[in-house]
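For reference, the structure is listed below as structure tokens.
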Amino acid sequence: MSRDSFDHKAIEKKAQDRWAELDLYTTDLTDDTKDPYYLLFEFPYPSGDLHIGHWYAFALTDIFARKQRMDGKNVLFPIGFDAFGLPAENAAIKNGVDPKKWTYENMDRMRTQIRSMGASLDWSKEIVSCDPSYYKWTQWLFTKLFEHGLAERKNALVKWCPKDQTVLANEQVNDGHCERCGTEVEEKNLTQWFFKITQYAERLLTDLDGLPWREDIKDAQRAWIGESEGAKLTFMAHGPEKDDTTQPIPVFTTRPDTVFGATYLVLAPEHEMIEVLIQDASNPDAVREYQRATARKTERDRSENKEKTGVPLEGITATNPATKEEVPVYIADYVLNSYGTGAVMAVPAHDERDFEFATKFNLPVKQVVRPRFVDESNPPREGKETVERDMIIGLVRNPKNGKFLCLNWKEQPWTTFVVGGIETGEDSIEAAVREIHEETGYRNITFVRKLGGISQTEYFATHKDENRIAYTQAMLFDLVDEEQEALSPEEAAKHELVWLSPQEITSRKIQHAEFATVWQRLQNGIDTYVGDGILFNSDGFDGRDNREAMADIVEFAGGERVKNYRIRDWLVSRQRYWGAPIPVVYDPEGNVHLVPADHLPWLLPEDVDFTPGAAGAGKSPLATSKELHERVTRIFGEGWVPEYDTLDTFVDSSWYYLRYLDPKDDHDFSDQSLMKKWMPVDRYSGGSEHTTMHLLYARFFNKALYDLALVPTSEPFGERFNRGLILGPDGAKMSKSKGNVVNPDGVVEKFGADAVRMYLAFIGPYNEPGNYPWNLDGTFAMRKFLDRVNALYEKKTDAELSDETTKHLALAIKKIGTDIDRFKFNTAISTLMTLVRELEQLPQVPMQAKRTLLILLAPLAPHLAEHLWSKLGEEGSVHQAQWPAVDESLLAVNEVTVTVQIQGKRRGEITLRPDSNEDEALMLAKSIPTVAKAIEAGPPKRVIYVQGRILNLVF
RNA sequence: GCCGGGGUGGCGGAAUUGGUAUACGCGGCGGAUUCAAAACCCGCUCCUUACGGUUGUGGGUUCAAGUCCCACCCCCGGCACCA
């Protein structure tokens, strides 16, 4: 340490004692003299030891908390523990310790560690979610949701983690694996508790628009909710005989405009109507076998192997509601039972998946929308007659070298494929063969396939003085041999033949959209058209724009327009011990009853066997509790049984921000008048991993409570900032197995709490989720900086404050202030460093400067600032000081440096008054030799002068 | 594949939103000090000998582009057989 070093341990203790003595951080929530400001971070899980990530989360948010107080706000900055959860239970299984003991001991240790940060947390509001005084109200809120139909018990296909021996919410499954332990999840059909978040899908979506969040956070939620607009259409399905039953099969589609092209129907293998239809099908065994095979596969297997599979319901057909035609019915696992209606109308011409299936099962493809192109170089003209023509585009490929036959047109700067009209009596393939022969002389070619469907191109035919619509079919041919006949003189005069490689064709960018589209399709191997266009093969709708006709087609087909959502109901039961018991019991008939409020908290039993499977497969350890069974019998009677499942810990964290306002209330979950005053949370800082889980759940929960008139606002959070991650020194994510975990205690011990938090603040912007590697050198450097600040206070203070220093201080106050407000601590610190350097240059540091510097330092290095504050002989705490107001007049500059450019290139700079005019600037600029020389040669053509910024001369 | 965000020195990152690109810091190099070392202090540190060039690549708009427009490449995050 340097000779001017300070004893960080001593000053940390002294400062923290002083704050406690002055009781600076107990927020009086009823104080009406100041504006309330609710600053929240995600309450930590008591995993045991404080991680550097905790510092990043709490100490940096504290910078902002302190600044808000200095701005005169009444700041609520609380902390608590998200203390239910799996690790406690796993420790119990592994080491035989009681989860409760394990959790409470961890919290004790962590409290001490957190206090060492010196963060301005209000511990008087602390909550612990596993404490009965807290989960009493988690349970009570559950009963409210149940009473209003927002919690229900239902049978559903759910995700099951075989390692954790519990069901999981959809949000807790990543790529088919348990989010927590990485084990591949299974699917089970179980009766479980759900919260009906789907009922709130639309509001969760639309209310996002009004939230002051970054777009990426909103977009992630939008994607998770997954709204699609479309229609519900009903196909009537029935067997071959007249007296066979007819079943309505509703389908959801986003493209009802293509219903005339629906050539078959597909049901998910789990679709409930299969049970009925199978009775009239001629192949029930094959259908059952396919259902069984699908059930064996995990969702991951299904989507990994995207090769389409399926089985027809032989003999069953369904009536297309638009065409009234009978179409075959299949079951296939590319249709998901849990999305939409579990059935789709298949339109192979306009959907890639349907096309793939249709190709495999030889089903008809019927095009009903054709893309529309307008030749912009020669568009149709008003008032001219319109003539329709059928045309072909022929692509001829030479299989020997992969090149394609193209035409360079002599009268136009175009390169195209062979193009021509279909004569009467010809089909399109014959026409293409003939055109290729006539235009190129090649006659030995074989037809490969048609490329997509028909498109239409509109243009004005100059030589005929008419508008034309060309309906074009593109086709691919292979050259058999290179035998070529001589071209007629007329043909030869029109164009020149060239063979181009695919690269050449792509890079030359074939001019007409129509040809370019054909080429792109061939390259991508896509034969479906999923875009918009003009309807045909669609009875009365022919010729209309598909989007425009959408609503009319839905009506014609007897359907209704609906919105569909991807989000599923939130599965909240867990077959684990360490969570809030679901406050429900079952009577001897198995009916659900809520545990009455006067029996809450419905205590978690303690006499349980944690061993996995001890209670029987798929059952929570609670089932092994004798006490719980006796309790239920005693209160409700003989034959009554308890619910054994506990609540997902995300339920606990969905309302904790409300409890902070009234943490000890035994009569209500929170206080109405305090909620009115403090909600919503002003700023919420947390990790991006919670975007589609906690953040979405809490928004739902709060909205549900709002609808029950239990909370005053429909959104719980105002601003939201997702912070990044601190990586190990090797740049990899910290993990015990990699051995790159940084223990903050050691670093704090060595360099002090202020240096650690300032290093973390300096590493990158806190208002965006970037990931930064931990670097011990950086912490050391930050300590050196603090030593330099400390040394500054050894200097004499007699000098008067100069105008220049006054201005530097004012600029720093403004910049550091706005940067802290925006969570841009990194640039706030760099400004502070620059200011310190300037003060170091002074022979003496005026008192006023010393005082101001400490106020600027206080949010960032609270202990050192406090220490130096008392050393200056100031009263109270530096943290009670006001953030200085900036005298804007001080910021007014009396001279500016203006860059002088010639043709936009920097040639020098001049110094002048900010309000100097162009003439003065020009005069001064002549003192720069290169500029003078340029002006001598001739006057500038143009002079651009931006006051205080730039002078640019153009010659 | 679709939707976001991004690409600036050896590294973390700045850049008043179109006006001096590389602030601040790390690392590196040199000096000073010391018997020596650490610490502290001072200087240098995008490329180029220079002219000049440089913000992923190529084009464009503009007096002026890291910033705006078009095309492409790469990285990160989210969603994904979602009809």
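Letters go in sequence order (proteins before strands), and every chain restarts at 1. The figures that follow rest on heavy atoms only: side chains count, while hydrogens, waters and symmetry mates do not.
- Atom CH2 in A/Trp774 sits roughly 21 Å away from atom P in B/rC11 (whole-Å rounding).
- Contact annotation for A/Asp333: base contact, defined as any heavy-atom pair under 4.0 Å involving a base atom.
- Using P as the reference atom, B/rA39 and B/rC26 are 12 Å apart when rounded to the nearest Å.
- Heavy atoms of A/Thr691 sit nowhere under 4.0 angstrom from any nucleic acid atom.
- Atom C1' of B/rG66 sits at a distance of 15 Å from the matching atom of B/rA23, rounded to the whole Å.
- The partner of B/rA36 cannot be assigned: no Watson-Crick or G-U wobble pair with both contacts below 3.5 Å exists in any strand.
- Nearer to the 5' terminus of RNA chain B, by closest-nucleotide assignment, is the contact made by A/Pro765 (compared with the other of A/Ser228 and A/Pro765).
- Only the C1' atoms considered, B/rG12 is 11 Å distant from B/rG27, to the nearest whole Å.
- Checked against the 6.0 Å centroid threshold, A/Phe357 and A/Phe355 do not count as a close aromatic pair.
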What protein N or O atoms touch nucleotides 24-26 of chain B N or O atoms at under 3.5 angstrom, if any, and at what distances?
from	atom 1	to	atom 2	distance (Å)
B/rG25	OP1	A/Arg837	NH1	3.4
B/rC26	O2'	A/Asn775	ND2	3.2

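- Between A/Thr692 and A/Gly342, the one whose closest nucleotide on RNA chain B sits nearer the 5' end is A/Thr692.
- Distances were taken from every side-chain heavy atom of A/Tyr339 (C-beta onward) to each of B/rA83, B/rC63, B/rC79; the shortest belongs to B/rA83.
- Residue A/Gln901 is in base contact, counting any heavy-atom pair closer than 4.0 Å across all strands shown.
- Across all strands shown, B/rC26 forms a Watson-Crick or G-U wobble pair with B/rG10, both key distances being under 3.5 Å.
- Between B/rA83, B/rA14, B/rG19, one nucleotide has an atom nearer to the side chain of A/Thr827 than all others, and that is B/rA14.
- Only the C1' atoms considered, B/rA38 is 43 Å distant from B/rG56, to the nearest whole Å.
- Counting only heavy atoms from C-beta on, A/Asp351 has its side chain closest to B/rA83 among B/rA83, B/rA15, B/rG19.
- One can place CZ of A/Arg214 at 7 Å from C1' of B/rG5, the figure rounded to the nearest angstrom.
- To the nearest angstrom, C1' of B/rC41 lies 17 Å from CZ of A/Phe785.
- Between A/Lys815 and B/rA23, a side-chain N or O to OP1/OP2 separation shorter than 4.0 Å is absent.
- Ring orientation note: the planes of A/His690 and A/His694 are nearly perpendicular, at an angle over 60° on the 30°/60° scale.
- Heavy atoms of A/Lys824 sit under 4.0 angstrom from primed sugar atoms or phosphate atoms, though from no base atom.
- When the nucleotides B/rC81, B/rA83, B/rA80 are ranked by their closest atom to the side chain of A/Arg566, B/rA80 comes out on top.
- With its glycosidic angle more than 90° from 0, B/rU48 is assigned anti.
- Between the CG atom of A/Leu696 and the P atom of B/rC79 there is a distance of 11 Å, rounded to whole Å.
- Backbone-only engagement by A/Val954 is indicated by non-hydrogen atom pairs under 4.0 Å involving sugar-phosphate atoms exclusively.
- Ring orientation note: the planes of A/Tyr697 and A/Trp570 are close to parallel, at an angle under 30° on the 30°/60° scale.
- In this structure, B/rG9 is classed as syn because its glycosidic torsion stays within 90° of zero.
- The residue A/Ile763 sits close only to the backbone: its heavy atoms come under 4.0 Å of sugar-phosphate atoms, none of a base.
- Annotation: salt bridge (charged side-chain N to carboxylate O under 4.0 Å, His left out) contacts of A/Arg222 (sequence neighbours excluded): A/Asp209, A/Glu215, A/Asp219.
- Distance noted for atom C1' between B/rU20 and B/rC69: 25 Å (whole Å).
- Judged purely by atom type and a 3.5 angstrom limit, A/Gln221 uses its side chain to pair as donor or acceptor with the backbone of A/Thr691.
- Straight-line distance between the C1' atoms of B/rG53 and B/rG4: roughly 35 Å, to the nearest whole Å.
- As the counterpart of B/rA65, no nucleotide is assigned, since no Watson-Crick or G-U wobble pattern has both distances under 3.5 Å.
- Checking B/rC2 for Watson-Crick or G-U wobble geometry (two distances, each under 3.5 Å) identifies B/rG78 as its partner.
- More than 12 heavy atoms of other residues, nucleotides or ligands lie within 6.0 Å of NZ in A/Lys218, so this atom counts as buried by the packing criterion.
- Annotation: B/rC51 and B/rG1 have their C1' atoms spaced 50 Å apart (nearest Å).
- Atoms OH (A/Tyr334) and P (B/rG1) sit 22 Å apart, rounded to a whole Å.
- Here the straight-line distance linking atom CE of A/Met758 with atom CG of A/Leu832 works out to 5.5 Å at 0.5 Å rounding.
- Atoms CG (A/Asp219) and C1' (B/rG4) sit 5 Å apart, rounded to a whole Å.
- Side-chain N/O atoms of A/Tyr772 include none lying less than 4.0 angstrom from OP1 or OP2 on B/rG12.
- Pairs engaging residues 756-774 of chain A under the side chain to side chain donor-acceptor pair (under 3.5 Å) rule: A/Asp62-A/Arg757 [sequence neighbours left out].
- Taking atom CG of A/Asn952 as the reference point, atom P of B/rG18 lies 18 Å away to the nearest angstrom.
- Residues A/Leu60 and A/Arg723 are not in side-chain contact: their nearest non-hydrogen atoms beyond the backbone lie 4.5 Å or more apart.
- Rounded to a whole angstrom, the distance from the P atom of B/rG52 to that of B/rC70 is 34 Å.
- Rounded to whole angstrom, the span from the CD atom of A/Glu689 across to the P atom of B/rG78 amounts to 10 Å.
- Partner of A/Glu229 under the side chain to side chain contact (heavy atoms under 4.5 Å, CB included) criterion, chosen from A/Lys563, A/Met550, A/Arg561: A/Lys563.
- Within 4.0 Å of A/Val335, counting heavy atoms only, lies at least one base atom of the nucleic acid.
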